[in-house]
Amino acid sequence: MRIKASLPAYKEIKVDLDPKSTTRELKKSICRQLNIEPELTKLLLRGRLLSDNSRVSKLRDIDGPVIVDYLWARHLIVWGLEGQQKIRSATVLLAGAGAIGNEVAKNLAMLGVGRLFFVDRDNVEMSNVSRMVFFEPKDLGRNKAEILARNLHRRYPYSETLAFRGDLETMPLKFYLDSDVVVCGLDNVVSRIYLTQICRKYSIPMVDGGITGLNARVHSYIPPNDPCPICVFPPNQYSQIVGLRNPCDAPLEQVTVPSFATSISLVSSIISQETIKLILGIGQYRQGAKWPDHSGQPLRSILFMDLKNNRFTPMELKRNEKCFVCGSEGTAKQTVPRFDLPISAIRASKEKMERAIRLAVNAEHGILMILSETSHGEASLGDKPKAIRSLEKGDYLRVLAETKNGELNESMIRLT
Ligand SMILES: [Zn+2]
């Protein structure tokens with residue numbers, strides 16, 4: 001028996017089934033053909049839910065298709081199944097689990113992002129509850145990243161969440177390297193500089209956002225060649241900027257107004273859409289193609305928003321040759337090439353591992369230092385067969401290889 005099924009405004013398919021089959025089997029066949037998750041799909045007929053256990057023979061004399069009600073069906077009209085699958089397999093790191101972190105995490109989970117990492121050292125305070133959707137009074141005193149990860153996953157179980165409690169600087173590098181996009185929702189300049197350094201060095205796209213009262217700004221940074229978020233700061237003001245850990249620590253005359261729920265949702269909405277654009281387009285862009293039309297162009301200038309006067313002003317950015325991070329003398333002036341290597345190549349023997357790594361990083365002779373980058377942190381591999389054996393797929397090796405000039409060049413290898 002042949003049954004028509006429709007993902008409205010996207011695709012219509014036909015499925016052949018034995019009339020004795022159940023609608024559960026029908027759903028499985030439809031989902032297999034469309035390549036969508038059956039656990040996130042329901043079937044409807046004339047607006048009514050089809051029960052899993054009824055026989056498909058009952059559909060014999062019914063005109064019109066069975067409607068496939070997939071969780072992200074409406075998205076497919078805009079970026080197709082391929083786009084949604086990219087979003088499902090993406091990992092986003094949210095640096096800062098505060099106002100922007102909460103709201104962006106909600107948006108990204110609703111859009112279907114597969115994995116969300118959170119990092120924050122601060123604990124939930126009462127004044128957060130009025131502005132951060134996943135925090136409740138019972139969470140007071142507990143770490144923001146851990147609470148956000150737990151409460152978000154409870155509400156959106158199809159997004160995996162992971163939290164790191166502490167400073168960005170102490171988080172294992174693997175969490176950064178595993179991320180397709182980094183969202184910066186930090187409230188201090190020192191951490192923003194650190195995050196920008198990591199993103200430039202390892203070529204991880206970043207969406208930076210900030211709020212002061214009813215003013216907000218967003219910037220999408222595509223490293224290594226775009227102007228970075230630190231390029232806007234005049235170099236002669238670094239000492240002043242770096243000394244300012246938090247806007248609330250500023251002298252009284254410079255104290256800024258905190259964020260409001262309205263400015264938070266506005267800026268987070270733009271940050272979230274920018275993140276989706278980067279997930280959808282960065283792969284093709286890196287291979288030399290244009291951004292795909294269906295994703296939209298990322299915002300590579302800074303967009304300033306003034307909710308009080310309803311002004312939305314983009315500001316073009318230029319690379320600052322004296323930038324503290326990406327300038328010619330900047331802390332992240334060198335970018336690190338990244339390679340993949342099968343884990344079997346390093347497990348055979350120490351000699352074979354070294355040969356495979358030298359080949360991968362194009363360093364035939366000279367000093368070679370190999371460090372493992374796992375979720376437990378960094379460790380020297382040296383002569384430690386046990387440490388080599390404990391490496392898993394998805395771990396990284398940081399390789400420092402001597403060049404002809406006697407310098408050490410860094411490369412990053414992901415074990416596949
Ligand atoms: Zn810069």
Side-chain angles (χ1 to χ4, degrees), residues 92-96 100-101 104 119 167-169 171 173 175-177 179-212 215-247 250 256 267 270-271 274-275 277-279 281-282 285-286 291 297-305 313-338 398 407 409-412:
V92 177
L93 167 68
L94 289 105
I100 291 177
V104 171
V119 51
D167 291 317
L168 291 179
E169 293 85 346
M171 186 166 78
L173 192 59
F175 293 107
Y176 296 100
L177 300 172
S179 304
D180 297 293
V181 181
V182 167
V183 169
C184 174
L186 298 165
D187 62 359
N188 73 85
V189 181
V190 178
S191 300
R192 181 168 270 107
I193 291 173
Y194 178 79
L195 194 62
T196 308
Q197 284 172 357
I198 294 276
C199 288
R200 174 150 209 280
K201 221 172 149 185
Y202 300 103
S203 296
I204 309 163
M206 168 177 170
V207 187
D208 184 27
I211 306 171
T212 311
N215 294 303
R217 57 169 183 80
V218 178
H219 170 209
S220 297
Y221 170 46
I222 301 173
N225 297 326
D226 276 13
C228 85
I230 308 303
C231 278
V232 288
F233 294 117
N236 60 1
Q237 285 181 16
Y238 282 132
S239 52
Q240 198 187 336
I241 293 161
V242 168
L244 199 65
R245 200 197 79 73
N246 187 309
T256 49
V267 80
I270 296 173
I271 292 173
E274 288 298 300
T275 305
K277 285 180 199 172
L278 291 170
I279 291 170
I282 196 80
Y285 177 74
R286 286 211 171 118
W291 283 93
Q297 293 296 311
L299 181 69
R300 291 160 91 167
S301 51
I302 302 185
L303 178 65
F304 289 101
M305 291 160 276
T313 317
M315 185 185 90
E316 286 301 320
L317 267 180
K318 283 206 174 109
R319 270 291 287 286
N320 176 357
E321 267 310 300
K322 291 183 176 165
C323 173
F324 185 67
V325 173
C326 73
S328 53
E329 294 303 316
T331 49
K333 62 181 176 187
Q334 298 277 27
T335 56
V336 175
R338 295 172 65 170
R398 185 212 290 261
E407 291 170 357
N409 260 4
E410 184 181 344
S411 304
M412 194 57 72

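None of these values were measured; they are calculated from a predicted model. Start at 1 and go down the list; that is how both ligands and their atoms are numbered.
Ring geometry for Trp291 versus Tyr285: interplanar angle under 30°, hence parallel rather than tilted (30 to 60°).
With sequence neighbours left out, the side-chain hydrogen bond (donor to acceptor under 3.5 Å, both in side chains) criterion links Thr331 to Gln197. By the side-chain hydrogen bond (donor to acceptor under 3.5 Å, both in side chains) test, Ser220 is found to be paired with Glu274, residues two or more places apart in sequence or in another chain being considered.
Applying the salt bridge (Lys or Arg N to Asp or Glu O under 4.0 Å) test to pairs two or more places apart or on separate chains, those with a residue in residues 217-226 are Asp208-Arg217, Asp226-Arg300.
For the side-chain contact (heavy atoms from CB on, under 4.5 Å) criterion with Leu278, the lone passing option out of Asp180, Val183, Ile222 is Ile222.
Considering all non-hydrogen atoms of both residues, Met206 and Pro229 come closest at CE-CG, 4.1 Å.
By the criterion of a separation under 2.8 Å, the protein N/O/S atoms near the Zn ion (ligand 1) amount to Cys228 SG, Cys231 SG, Cys323 SG, Cys326 SG.
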